[in-house]
Amino acid sequence: MDEQKQIILIATPVMTQDRYAQLSGLTEGQVRGQIEKGHLPSLKIGRVRMVNIAALSQQALDQEDWQ
């Protein structure tokens, strides 16, 4: 069976922690904790730490059980 890859267009590669919390249903504290533990990829832009949505999407696609 041929493996097919899908292209996913992301409108923005990063998102504020507040916005990610709103969309995911997590609290801002939970999002901060996940970033601190290394479970959520992030990057600092200026003084603001953003959730790296592009890296998170790539991690999900790279999972072995992703079909």
Side-chain angles (χ1 to χ4, degrees):
M1 181 183 286
D2 290 330
E3 183 178 326
Q4 293 182 356
K5 294 195 177 203
Q6 295 180 344
I7 297 174
I8 298 174
L9 180 61
I10 300 172
T12 179
V14 295
M15 181 179 300
T16 64
Q17 293 179 48
D18 176 51
R19 183 67 177 142
Y20 184 81
Q22 290 172 352
L23 294 174
S24 67
L26 299 172
T27 66
E28 289 181 55
Q30 289 171 318
V31 172
R32 259 191 317 278
Q34 294 296 310
I35 289 172
E36 290 170 2
K37 293 176 184 174
H39 298 301
L40 269 178
S42 67
L43 61 103
K44 200 166 185 181
I45 300 176
R47 292 189 284 169
V48 179
R49 174 125 340 244
M50 307 284 277
V51 178
N52 188 336
I53 300 301
L56 184 61
S57 297
Q58 188 61 55
Q59 286 176 4
L61 292 171
D62 289 342
Q63 294 293 316
E64 289 182 24
D65 56 352
W66 176 257
Q67 296 285 333

> Are Val14 and Tyr20 packed together at the side-chain level, in the sense that at least one heavy-atom pair is separated by less than 4.5 angstrom?
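No - every pair of side-chain heavy atoms lies 4.5 Å or more apart.
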> Nearest 0.5 Å, please: how far is CG in Leu26 from CD in Gln17?
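With rounding to 0.5 Å, CD (Gln17) is 11.5 Å from CG (Leu26).
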> Hey, does Val51 have a side-chain heavy atom less than 4.5 Å from the side chain of Thr16?
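Not in contact.
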> Applying side chain to side chain donor-acceptor pair (under 3.5 Å), which residue pairs with at least one partner in residues 28-40 are found, sequence neighbours left out?
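Output for this query lists Thr27-Gln30.
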> Please, which pairs that meet side chain to side chain donor-acceptor pair (under 3.5 Å) have at least one residue in residues 42-56, sequence neighbours excluded?
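Passing the test, one end in residues 42-56: Ser42-Arg49.
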> Any chance you could measure Leu43, atom CG, to Met50, atom CE, to the nearest 0.5 Å?
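Rounded to the nearest 0.5 Å, the CG-CE separation comes out at 7.5 Å.
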> Can you measure from OG1 (Thr12) to CD1 (Ile53) and round to the nearest 0.5 angstrom?
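Taking OG1 in Thr12 and CD1 in Ile53, the distance rounds to 8.0 Å.
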> List for me each residue that meets side chain to side chain donor-acceptor pair (under 3.5 Å) alongside Gln59, sequence neighbours excluded, and say none if there are none.
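Gln59: no side chain to side chain donor-acceptor pair (under 3.5 Å) contacts found.
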